[in-house]
Amino acid sequence: MNDKPRVWISRPTFPGIVARLEPHFEVTAEPDEVSFSRGELTARLAGQDAAIVGLKERIGAAEIAGATRLRIVANLSVGYDNLDLDALSAAGIAVSNTADVLNESVADYAWALMLGVARRMGAAERWLRAGHWHATEFKAWLGMDVRGRTLGILGMGRIGQAIARRAVGFGMPVLYHNRSPLPAATERACNARYVDKQQLLRESDFLILVLPLTTQTRHAIGAPELALMKPTAILLNVARGGIVDDAALAVALRERRLAGAGLDVFEGEPTVHPGLLALDNVVLSPHIASATTETRRAMTSVAVDNVLAMFGHGPHAGRPPNILNPNVL
Ligand code: 8YV
């Protein structure tokens with residue numbers, strides 16, 4: 001009989017990942033991308049000692065009810081709003097995330113979205129592909145320059161800081177709002193100035209959201225906040241759907257009370273509010289800000305490090321590095 005602990009990987013994974021786990025675990029790795037029902041998730045988790053899961057797996061008290069051996073859930077993301085941390089902690093299950101390894105890729109993507117919206121890349125590309133380009137018109141497809149404009153960042157954690165650092169090359173002043181101001185040295189390194197949320201909304205030409213989704217941040221950007229923004233401003237969300245009231249955003253964009261938006265995340269994704277789909281002044285993408293080969297591989301590796309460490313193996317044996325509820329250890 002195989003008495004190794006068991007680990008379940010909910011998503012198709014990278015080469016080498018199963019091989020790192022196999023000396024110590026009986027590994028079940030899903031070969032296909034599946035959206036598990038609650039019942040399927042509960043059944044998959046039962047009997048596992050560890051689970052490596054992604055955002056689609058929403059795990060709370062019901063899903064772990066039969067998972068009496070489960071010691072760690074390693075989330076393949078930095079955000080963990082898919083997990084009921086209280087319920088998992090109460091059951092003595094450690095939870096880890098993938099903080100840090102995705103900062104630079106997400107920051108790159110935030111800039112890609114920002115430039116894409118400012119220069120109307122999505123709409124221009126759709127127009128070209130539809131065969132409308134017959135001659136170059138001097139005054140067609142005019143976008144707006146990014147250089148010199150004010151960049152606002154709501155949520156100044158490590159991703160926000162990585163976004164801010166890139167602004168130097170574009171000559172953009174950076175304003176930010178956060179639960180608390182950064183230490184002065186960090187502010188200097190990011191060339192960023194702390195302001196209150198209202199000032200951030202009023203003064204940003206580009207406003208990037210990089211805060212976690214919690215009960216406090218749900219609809220942090222709704223109709224009242226959108227009303228404070230400049231009609232020439234562009235809103236970017238690379239954080240979580242639900243931070244923005246997508247219905248209110250669609251109305252503001254349609255009425256040109258806001259110039260544009262770049263959205264990688266949506267309330268209720270993978271469903272996208274139809275009001276947003278109908279607009280040309282938005283660039284939409286399917287939650288891919290961390291999706292580079294290097295970063296997704298690194299995220300998986302971090303999850304494996306945490307699982308191995310939890311069972312006394314690997315580079316962090318006994319000290320899993322990314323535990324969100326260390327009190328259970
Ligand atoms: C997702 C993310 O993890 O890290 C996060 O919080 O939202 C992303 O990196 C990724 O899209 C996989 O679901």
Side-chain angles (χ1 to χ4, degrees), residues 8-14 17 29-36 41 44 51-59 63 72-85 88 95-113 153-163 178 208-218 220-221 235-244 246 262-272 283-307 320-325:
W8 176 56
I9 309 177
S10 71
R11 305 293 183 92
T13 195
F14 290 96
I17 293 298
E30 294 294 333
D32 301 307
E33 192 76 32
V34 175
S35 291
F36 297 103
L41 201 46
R44 291 289 196 292
I52 297 177
V53 302
L55 285 181
K56 272 194 296 191
E57 283 74 64
R58 306 195 68 81
I59 301 177
E63 288 73 17
I72 180 167
V73 172
N75 215 26
L76 289 167
S77 63
V78 61
Y80 50 92
D81 45 288
N82 57 315
L83 304 176
D84 182 338
L85 199 58
L88 291 164
V95 175
S96 66
N97 72 351
T98 59
D100 277 337
V101 290
L102 43 63
N103 298 347
E104 302 299 326
S105 299
V106 174
D108 284 349
Y109 195 79
W111 277 87
L113 263 188
I153 301 177
L154 183 59
M156 196 60 154
R158 286 163 289 197
I159 297 173
Q161 292 169 36
I163 292 170
N178 201 36
I208 306 188
L209 310 178
V210 212
L211 61 178
L213 177 66
T214 64
T215 40
Q216 287 80 40
T217 64
R218 185 171 292 282
I221 302 293
L235 180 72
L236 293 315
N237 189 2
V238 290
R240 274 293 177 278
I243 292 171
V244 177
D246 283 351
L263 306 170
D264 186 48
V265 289
F266 304 89
E267 226 178 340
E269 65 186 50
T271 303
V272 178
V283 174
L284 310 172
S285 60
H287 202 147
I288 58 171
S290 70
T292 67
T293 307
E294 298 89 331
T295 293
R296 287 283 166 89
R297 203 189 282 274
M299 290 163 71
T300 311
S301 193
V302 165
V304 169
D305 285 346
N306 279 281
V307 168
N322 301 80
I323 300 298
L324 298 163
N325 52 351

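Indexing begins at 1, ligand by ligand and atom by atom, following the structure's order.
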Residues in contact with ligand 1, criterion: heavy atom under 4.0 Å: L55, L76, S77, V78, G79, L102, R240, H287, S290, R296, M299
Candidate pair R44 and E30, rule salt bridge (charged side-chain N to carboxylate O under 4.0 Å, His left out), full reasoning: CA-CA 10 Å; R44 291 289 196 292; E30 294 294 333; 2.9 Å; yes
Polar side-chain atom of T98 near backbone of V78 as donor-acceptor pair, under 3.5 Å: yes
Donor-acceptor contact present, side-chain N237 to main-chain R240, <3.5 Å: yes
K56 backbone acceptor or donor facing N82 side chain under 3.5 Å: no
Chi angles and distances behind the side chain to side chain contact (heavy atoms under 4.5 Å, CB included) call for I288, D264: CA-CA 7 Å; I288 58 171; D264 186 48; 3.6 Å; yes
Which residues share a ring pair (Phe, Tyr, Trp, His ring centres under 6.0 Å) with Y80, sequence neighbours left out: none
